[in-house]
Trainee: 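Pasting a structure here, questions to come.
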Amino acid sequence: MSGATVTLLYFARLRESLGLAREEMLLPAGVQTLQVLRAHLAARGGAWAEEMAPARKLRAAVNQTLAQGDAPLKAGDEVAFFPPVTGG
Amino acid sequence: MSGATVTLLYFARLRESLGLAREEMLLPAGVQTLQVLRAHLAARGGAWAEEMAPARKLRAAVNQTLAQGDAPLKAGDEVAFFPPVTGG
Amino acid sequence: MSVRIQEADFDTAAEIAAMRRGNPKIGAIASFIGVVRDINDGDAVSMMTLEHYPGMTERSIGAIIDQARGRWEVLDALVIHRVGTLKPTDQIVLVVVACSHRGDAFAACEFIMDYLKTQAPFWKKEVTPQGARWVDARASDDEAAGRWRN
Amino acid sequence: MSVRIQEADFDTAAEIAAMRRGNPKIGAIASFIGVVRDINDGDAVSMMTLEHYPGMTERSIGAIIDQARGRWEVLDALVIHRVGTLKPTDQIVLVVVACSHRGDAFAACEFIMDYLKTQAPFWKKEVTPQGARWVDARASDDEAAGRWRN
């Protein structure tokens with residue numbers, strides 16, 4: 001599906017490194033899973049390449065639920081990237 | 001050792017059945033362990049025979065520490081008999 | 001480390017605050033409160049009395065705490081157990097364990113409760129519509145304490 | 001069942017009292033308080049800030065509590081987690097679980113804490129003499145949560 005807009009959120013160390021807490025994105029054609037979205041963001045280079053690198057330990061949530069790389073994306077989704085959690 | 005006096009304590013259901021909370025006893029010759037003392041008390045008959053019967057679940061402490069039947073007794077010991085505990 | 005046997009009720013928050021005061025090494029506090037229920041073995045309970053063996057009670061709970069300190073890193077521990085007459089919803093027992101890390105705190109707190117249930121000389125007598133009766137010890141409590149022997 | 005994320009401190013005794021009020025089925029209350037320590041990974045900590053993901057935080061902790069209720073007989077459960085700026089000896093998190101029996105209360109309380117540590121979206125940034133740094137997740141926390149998968 002093309003023409004799908006999603007909201008991207010970044011937290012904690014990621015938010016600081018990227019200098020961004022939130023953005024709206026029109027999903028490019030072919031970006032239909034979390035994993036592909038991550039690779040797409042890494043392609044922005046600089047801090048993006050570093051933080052989104054496959055070797056980097058990163059967690060992601062789709063619509064506020066922890067999700068794996070093969071999670072499908074659709075219009076209106078809220079997608080969040082963040083480091084492993086450290087609460088409690 | 002003969003001529004040894006010990007203090008006997010009874011708690012909870014045992015205290016009520018026997019109608020006794022505490023007594024001083026001159027240990028008879030041959031009564032040198034908890035187990036033999038229990039048999040000696042059972043020989044008093046009546047409620048004693050019932051409560052001290054080998055089949056009866058009973059706990060004992062010597063000098064305020066849980067003890068097994070083969071625990072030796074000596075002059076001045078505080079020996080307590082009671083049902084399994086139910087606190088907490 | 002502290003053990004108190006008393007008729008009076010206890011104030012959990014005050015006890016935890018006193019334990020924490022001035023010890024910045026404490027990172028985890030596990031606590032347990034036992035409460036009188038209004039039903040036991042299927043019968044309504046209106047009241048109970050708790051009898052104990054003064055002297056041995058404090059000594060045996062002290063020994064239980066020492067065992068816990070030998071197994072886990074315990075910064076502080078407190079046990080308060082009430083005796084006398086209690087009614088449903090009254091508090092019976094408080095165990096508080098303070099550690100640097102939560103795994104130690106949870107384990108030591110549960111260990112102390114499990115051993116207290118099977119080794120500390122307390123006896124409950126409860127009043128039900130059928131009259132007063134001494135509460136029977138539970139096999140499940142022996143099993144709970146047995147889990148820690150390994 | 002209740003989940004609260006707040007900057008304000010919490011009053012453990014008041015929370016436990018509110019939970020117990022009017023529920024005579026409660027026989028066992030296990031609770032856990034997490035506290036800011038003055039040292040982490042060998043460095044002195046003077047301050048920390050806790051960031052979270054509003055919305056997902058409440059949702060994920062609610063899901064953790066639901067899992068606990070599916071495994072044990074839980075009469076009531078409460079999680080309060082603070083966010084914002086905290087200093088050593090400040091309280092961070094409170095978990096209270098009320099059950100009829102103590103085994104359920106201990107297990108559910110520890111389960112909730114272990115999952116909260118690995119699944120709820122909170123992040124700590126601490127200030128040490130070397131400057132501010134994001135706290136790294138611990139492998140030991142993943143292992144603690146992993147114990148419950150069986």
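Given the structure is predicted, the values throughout are model-derived calculations rather than measurements. Proteins get letters first, then strands, A, B, ... in listed order; numbering begins at 1 in each.
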Trainee: Around atom CD of D:E58, are there more than 12 heavy atoms of other residues, nucleotides or ligands at under 6.0 Å?
Mentor: yes
Trainee: Would you mind telling me which of A:A80, A:A61, A:P83, A:P84 has the largest number of heavy-atom pairs within less than 4.5 Å of chain D?
Mentor: A:P83
Trainee: Take atom CD in D:Q130; do more than 12 heavy atoms of anything else shown fall under 6.0 Å from it?
Mentor: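 Atom CD in D:Q130 is crowded, with more than 12 foreign heavy atoms closer than 6.0 Å.
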Trainee: More than 12 heavy atoms of other residues, nucleotides or ligands under 6.0 Å from CD of D:E73: is that the case?
Mentor: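 12 or below, so no.
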Trainee: Distance check, rounded to the nearest 0.5 Å: A:N63 atom CG versus D:M56 atom CE?
Mentor: 11.0 Å
Trainee: Taking A:G87's backbone N and O only, do any of them form a donor-acceptor pair with D:W123's side chain (distance below 3.5 Å, no angle check)?
Mentor: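 No.
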Trainee: Just so I understand: if I count every heavy-atom pair under 4.5 Å between each of D:R59, D:H81, D:H52 and chain A, which residue has the most?
Mentor: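 Greatest number of close heavy-atom pairs with chain A: D:R59.
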Trainee: Could you tell me whether A:R44 atom CZ has more than 12 heavy atoms of other residues or ligands within 6.0 Å of it?
Mentor: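 Atom CZ in A:R44 is packed in, count exceeds 12.
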Trainee: Which bit of D:T118 comes within less than 4.5 Å of chain A, counting heavy atoms only: side chain, backbone, both or neither?
Mentor: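 The backbone, not the side chain.
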Trainee: Measure the spacing between CD of D:E51 and CZ of A:R15 and express it to the nearest 0.5 Å.
Mentor: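 That separation rounds to 4.0 Å.
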Trainee: Find the distance between CZ (A:R13) and NZ (D:K125) and round it off to the nearest 0.5 Å.
Mentor: 11.5 Å
Trainee: Among D:V135, D:D136, D:L116, which residue has the highest count of heavy-atom pairs closer than 4.5 Å to chain A?
Mentor: D:V135
Trainee: Can you tell me how far the CZ atom of A:F11 sits from the CH2 atom of D:W134, to the nearest 0.5 Å?
Mentor: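 Interatomic distance, A:F11 CZ to D:W134 CH2, rounded to 0.5 Å: 10.5 Å.
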Trainee: Pick out which of D:K124, D:K117, D:E126 makes a side chain to side chain contact (heavy atoms under 4.5 Å, CB included) with A:T86.
Mentor: D:K124
Trainee: Please determine whether the number of non-hydrogen atoms from other residues, nucleotides or ligands lying under 6.0 Å from atom CZ of D:R133 exceeds 12.
Mentor: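 Buried by this count: over 12 neighbours within 6.0 Å.
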Trainee: Quick check for you: to the nearest 0.5 Å, what is the distance between D:Q119 atom CD and A:R59 atom CZ?
Mentor: 10.0 Å
